[in-house]
Amino acid sequence: MGLLLQLLFNGVVVGAVYGLLAVGFGLIFTTTRIFHFAHGAVYTLAGYIVYSLTTTLGWPLAVAIVLAMGICGVLSGGIEVAIYRPLRARGASPLVVLIASLSILMLAQNLLAIFYGNEIRSLAGAVVFSGFEAGPIWVTSIQLVTIATCGALFGLLKLFLRYSRYGKIIRALANNYEAARIIGADPDRTFLVTFVIGGILVVPAAVLVGMLTGLKPFGGTSAVLVAAIAVIVGGMGSIMGAAPGALIVGISENLAVWRIATEWQTAVAFSVLLLFIIFKPTGFFGQRVRKMEV
Amino acid sequence: MRSVRAARRKWGYVAAAVLLALGVAGGAAPAAAQSAATPEEYKIGFTTPLTGTNAPFGRAFAETARMATDDVNARGGVDGVKIRLIVEDTAADPKQGIAAFQKLVSVDRVPIVSSAWSTVIMATAPVADREKVLLINHGANAPSIRGAGKLLISFFPLADLDIKHLARYAVTKLGKKRGAIMFVNNDTGRLNAKVFQENFEAAGGKIVAVESHEADAIEFGAQAAKMRAAQPDIIHIPSLVQEAPRIVKQFREMGIKAQFTSYSVAESKEMLSVAGEASDGLLYTSLAPPADQPGPKAFIDRYKATYQKDPVATAYLMYVWDLHNTILPEAIRYAKKQGWGYSGEAIRRAILTQKTYDTKASGKTVFEDDGTVNKVVYLKRVNVKEKKFEYAATLE
């Protein structure tokens, strides 16, 4: 029973980090209908920016995070303005946009591998995080920081979407694109805002992963894949559905090894998710979709 | 620069394929090409990962082989004939390893290829037999390498030598009874784990948990949870240079207090810089003498002076150095003296006939008739406070 609870808790922590990435990915997808795989590129770059600023230049972590948020927000918005917007203007199909996004991901990761090498980099250095027993489970300080950070950011995003002007426009565009345009929503500007928010949100995710495990130049591919799965599990069309979707992915990955060897972890977790999608294709919070273009 | 190299390599592979297709390379065995008379230079192939996650170690291997070759040539080569080292990239991948091997044999026509990484050695060995090329393992330790090829020589001791000693030492000397294993899911890791389990249980201990991870993994939370639940008093970690420190760190962070053990991969600067205090007291087998002894110290000082940096995975580098600085030049000289010429078969015969080499960095070498090697096994300990890898015991 202790092991089950420990795996459940570990799954929540992993799922919370996935959630930060997935919510940004989901926000962009739900609003713009772009499967923004380049989100993984921004995420990977975020980790390396913070790594360079803290380890190479010796800047304080907090300053590095704030600066990285600025850079990643601009970069993510820049991808929309410089790549996606011109493609839309030329009538490119969603598939072409998807390929462009994948190309950005591959390009960025390869450039990172050239500049930083393929070695795993850690943002925590040689620091070993302390922990304590909470009943039958072991909790570490970085796990608590992870849960608190993710919870706070989800809360802030929820408040932004509910009460801010752009939050309302984003929800309107996500809910009914044509109707929102008729009442005066500016898609280009709103899309830009969603990309900037998505870019900012990847920074804490990248920093937490860099602290918990490490950074790899090609880590963005699997991360954005998990984010995409979380969006599907949460439900396409639901902006915040990606968060519980990510939690389910994280918990599935961990609980999968409760009774079997860990080498089966990925296979079992994705089998469960495949079954989930077969029996509930609209996800937990998604709308029934009659036709979806990818 | 890199792209130019990659392009050259690519064209090299294309040329190899064309030669093979024309039957040119197949018709004239590369080994025979250099065997008749003393060649203008002794070509030796060297395959190692120059790309991928293992590249930092592969590059250090290549640097060491280059340094050893330059040293031999500076001494006048082998009886006045220079050695030429030709390096190709395997990315630690068997398929790419075979392609690199084929390029060396078909285009460069080398009769000897020095290589490492168990999966690469296992995949290349049958090809080496077919091409009559001597394949020498300088760093892989999977026990299945024994007998994998007729022309294969393993200069690096296989895991059933040091891990057998380690598992028995853990039970009989350290008094550990509940063992666990966390291995990398490849040939090296699986076989290392198997040898540890068999010998730990044969010595009277019990293995209470066996978990694995994929190469390149960085998150070990699920394995840590299961290890914690199993409550072992010793955990053996036959993993990889980059992954092992992260396993050690994440296991300690999960509150696991068991003794950690591993093998040569533990002796890397990453163990100190990534795992930090979590690695303190970790015991590992080393197949090279302690770094403060004259032989290893001379090698380490030489490497630092040549490349202006600290060596990584030093124990492995000592083997690369000894192979290319002592064993191969001496074997080539011996084969020439016997009138055997310069071919893969001749050099293999020379090595197994000479049998014993005074290899300074990795310690005295004795080759067995089956092409494997017998070396003294050292037990070392990670000392975080003094930031060093210190001698703990000699395992006989």
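Chain letters run A, B, ... following the sequence lines, proteins first, then strands; residues in each count from 1.
For Glu133(A), the part sitting under 4.5 Å from any heavy atom of chain B is the side chain, from C-beta outward, and nothing else. With a 4.5 angstrom heavy-atom cutoff, Asp216(B) touches chain A via backbone and side-chain atoms both. Ala275(B) touches chain A through its backbone: at least one of N, CA, C or O sits under 4.5 Å from a heavy atom, while the side chain does not. Proximity to chain A (any heavy atom under 4.5 Å) is restricted, for Ala229(B), to the side chain, taken from C-beta onward. Contact annotation for Ile142(A): neither backbone nor side-chain heavy atoms come within less than 4.5 Å of a heavy atom of chain B. Both the backbone and the side chain of Thr262(A) come within less than 4.5 Å of a heavy atom of chain B. Only the side chain of Gln250(B) has a heavy atom closer than 4.5 Å to any heavy atom of chain A. Looking at Ser273(B), only its backbone comes within 4.5 Å of chain A, counting heavy atoms on both sides.
Contact count against chain B (heavy-atom pairs under 4.5 Å) is highest for Gln6(A) among Glu253(A), Gln6(A), Gln143(A). Ranked by heavy-atom pairs under 4.5 Å with chain A, the list Ala224(B), Gly221(B), Gly255(B), Pro245(B) is led by Gly255(B). Ranked by heavy-atom pairs shorter than 4.5 Å toward chain A, the options Gly276(B), Ala209(B), Ala222(B) are led by Ala222(B).
Taking all atoms of both residues into account, the shortest heavy-atom contact from Glu219(B) to Val14(A) is OE2-CG2, 4.2 Å. Considering all non-hydrogen atoms of both residues, Ser122(A) and Lys249(B) come closest at OG-NZ, 4.1 Å. For the residue pair Ala225(B) and Leu3(A), the shortest heavy atom distance occurs at O-CD1, 3.4 Å. Of all heavy-atom pairs spanning Lys216(A) and Ile218(B), the tightest one is CD-CG2, 4.0 Å.
Asn10(A) places a side-chain heavy atom less than 4.5 Å from the side chain of Met254(B). Here the side chains of Glu253(B) and Ser130(A) are not in contact, with every heavy-atom distance at 4.5 Å or above.
When the shell of 6.0 Å around NZ of Lys194(B) is examined, it contains 12 or fewer heavy atoms from other residues, nucleotides or ligands.
A donor-acceptor pair under 3.5 Å is formed between the side chain of Arg246(B) and the backbone N or O of Ile120(A). In this structure a side-chain-to-backbone donor-acceptor pair under 3.5 Å is present from Lys226(B) to Ile260(A).
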